[in-house]
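Let me begin by presenting the structure, written as structure tokens, before commenting on it.
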2 protein chains.
Amino acid sequence: MRILLVEDEAEMAAALSSALKRYDMVVDHAPTLADAEEAICADVHVAILLDRQLPDGDGLKLIPKLRARADGVPIIVLTARGELADRIAGLDSGADDYLAKPFAVEELLARLRAVLRRPAGLSPDVIRAGRLVFDLGHREASIDGQPFELPRRELLVLEALIRRMGRTVLRTALEEAVYNFDDEIQSNALDTHISRLRRKLADANAGVEIHGIRGVGYLLKKLP
Amino acid sequence: MRILLVEDEAEMAAALSSALKRYDMVVDHAPTLADAEEAICADVHVAILLDRQLPDGDGLKLIPKLRARADGVPIIVLTARGELADRIAGLDSGADDYLAKPFAVEELLARLRAVLRRPAGLSPDVIRAGRLVFDLGHREASIDGQPFELPRRELLVLEALIRRMGRTVLRTALEEAVYNFDDEIQSNALDTHISRLRRKLADANAGVEIHGIRGVGYLLKKLP
DNA sequence: GGCGCATCATTGCGGCAGCATTGCGGGAAC
DNA sequence: GTTCCCGCAATGCTGCCGCAATGATGCGCC
């Protein structure tokens, strides 16, 4: 883990450096804003500790540039100014945390751990098939980022098929996926949905097609 | 935006609740660990404020259960215990931030903003859509720099929609975003808000429109 | 290969569930 | 007291979806 420490006071910098190293972190030290800007180009740091009072300006000025890169490197602002207004300014400027000097190194480490723990998987469960993307959580399909709107029943059919992408889905299973016990179906309503869905997939050039298997069911397959 | 407040002291809870509501947030209140556990099952909160001293145990015990779900809901721990060891324990247990009582409400709000900004990491604090600009941090909309004032519920609807700009928002998700557990709705109140919001967006020539998807939900899309 | 049956595919149509909109009144905020 | 948000109910309307009729495609059997 490589940390960028932006701090001009040599004594403070040395103390933090050694503390962090003791916890097996690799520390790069930048004493000025200019140094910091250069350092972040390398883009190798997992977190940034940022002092506000620097010889060439307020450390907060660095934050927009970091955020512009949109890589989400967490930033902890360190500062002597502990007043409420300053702390709010620090947090609102885009920092992830704010620590007023003097602070205990243990607390800094704890906050660092908290901030690093964060990128915890927010992986939405989506299934890709051809040019089609199906978001199971939000119950929506899209093609090239454009929403692919479908009526409810057709969406249910597509969901059931895409969940078993490339494998056959029994006709009975599809019916169960689309209808509940209360609904009594005495027609070829399911076929209707399949048909309409087929047309929409083709029209949208989704890159998949619904393949029927006589006497068994259906399956969704990618187009060559 | 819907927040879960886990706090047993009625006075404290009421104060925080009203402060949060003043910032147009929807607050669910859980006075005990048991209540909190029940509440988190609904999985509708964007952040959790967690007191440690609860009648049925230490609030920190809740954190592993939340993390097990791996949905990354940020947690801010509130506590009277301000000693260093406690703060470190709080952060290391998986909380995203730690605030010692007494604290200024402004600071809590600032930390909340910081913590909510994050899951995006890459998503900015303001979202632009058409001529509409929505500032997530300050919870306000504007058009061409002119404030676009909306009543509370309509603002919540717009926020939920704009956060998923161009993608569908389930009807249930909208209801969850706008109402808390206590509110019991037995009508088409949500439709009413949508309708009124539509009119205001059109009147203000906002450059976006709310598109309904029958049986599924809504989505916000840019006008051509 | 020809024939027939069973299953599937497609399309038009009509009923109705769900949605959009509006006016009204209670009630909260100031 | 006044303002305005917001839930509620009534109304009209859109379009989904079930239905049935017709055509197309396998599959077996002779």
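Sequence lines set the chain letters: A, B, ... in the order given, protein chains first and strands last, and positions in each chain run from 1.
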Is [X] close enough to [N] that one of its side-chain N or O atoms is under 4.0 Å from OP1 or OP2 there?
| X | N | answer |
| --- | --- | --- |
| B:His193 | D:dC5 | no |
| A:Tyr179 | D:dC17 | no |
| A:Ser195 | C:dA9 | no |
| B:Tyr218 | C:dG18 | no |

Take A:Thr192 and A:Gly217, find for each the nucleotide of DNA chain C with the closest heavy atom, and name the residue whose nucleotide sits nearer the 5' end.
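This one resolves to A:Gly217.
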First of A:Arg199 and A:Ile213 reached from the 5' end of DNA chain C, by closest nucleotide:
A:Ile213
Distance, rounded to the nearest Å, where [X] contributes [atom1] and [N] contributes [atom2]:
| X | N | atom1 | atom2 | value |
| --- | --- | --- | --- | --- |
| A:Glu154 | C:dA9 | CD | P | 15 Å |
| B:Leu190 | C:dT22 | CG | P | 17 Å |
| A:Ile210 | C:dA9 | CD1 | P | 9 Å |
| B:Leu156 | D:dC5 | CG | P | 14 Å |
| B:Leu155 | D:dC4 | CG | P | 18 Å |
| B:Asp203 | C:dT22 | CG | P | 10 Å |
| B:Leu197 | C:dC19 | CG | P | 17 Å |
| A:Ile194 | D:dG18 | CD1 | P | 13 Å |

Residues in side-chain hydrogen bond (donor to acceptor under 3.5 Å, both in side chains) contact with [X], at least two apart in sequence or another chain:
| X | result |
| --- | --- |
| B:Arg164 | A:His138, A:Glu140 |
| B:Asn188 | none |
| A:Arg139 | A:Glu159 |

What does nucleotides 24-30 of chain C look like as a protein-contact string, B for base, S for sugar-phosphate only, - for none, at under 4.0 angstrom between heavy atoms?
-------
Can you confirm whether B:Leu49 sits close enough to B:Leu108 that some side-chain heavy atom of one is under 4.5 Å from a side-chain heavy atom of the other?
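Sidechains of B:Leu108 and B:Leu49: in contact.
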Shortest non-hydrogen contact between [X] and [Y], atoms and distance:
| X | Y | value |
| --- | --- | --- |
| B:Leu62 | B:Ala36 | CD2-CB, 3.8 Å |
| A:Leu197 | A:Glu154 | CD2-O, 3.7 Å |
| B:Ala204 | B:Ile143 | CB-CD1, 3.6 Å |

Do other residues, nucleotides or ligands put more than 12 heavy atoms under 6.0 Å from B:Glu209 CD?
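Correct, the count exceeds 12.
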A:Arg167 atom CZ, neighbour heavy-atom count above 12 within 6.0 Å
yes
Which nucleotide sits closest to the side chain of [X]: [options]?
| X | options | value |
| --- | --- | --- |
| A:Arg198 | C:dC8, D:dG7, C:dT10 | C:dT10 |
| B:Asp191 | C:dC19, C:dT10, D:dG7 | C:dC19 |
| A:Ala189 | C:dC8, D:dG18, C:dT22 | D:dG18 |

Given side chain to side chain contact (heavy atoms under 4.5 Å, CB included), test B:Ile48 with B:Ile3 step by step and report yes or no.
CA-CA 6 Å; B:Ile48 297 176; B:Ile3 310 269; over 6 Å; no
Looking at A:Arg196 and A:Asp191, does any basic side-chain N land under 4.0 Å from a carboxylate oxygen?
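The answer is no: the pair does not qualify as a salt bridge.
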Just how far is it from atom CG of B:Leu201 to atom CZ of B:Phe148, taken to the nearest 0.5 Å?
4.5 Å
Value rounded to 0.5 Å, distance of CZ in A:Arg131 from CD in A:Gln146:
10.5 Å
Report for the helix from C:dG1-D:dC30 to C:dC30-D:dG1: angle between first-end and last-end helix axes, five pairs each, rounded to 10 degrees.
50°
What does the list of N/O pairs under 3.5 Å between the protein and nucleotides 21-24 of chain D look like, with a distance for each?
residue: D:dA21; atom: N6; partner: A:Asn188; partner atom: ND2; Å: 3.2

Between A:Pro151 and B:Lys200, name the one whose nearest nucleotide on DNA chain D is closer to the 5' end.
B:Lys200
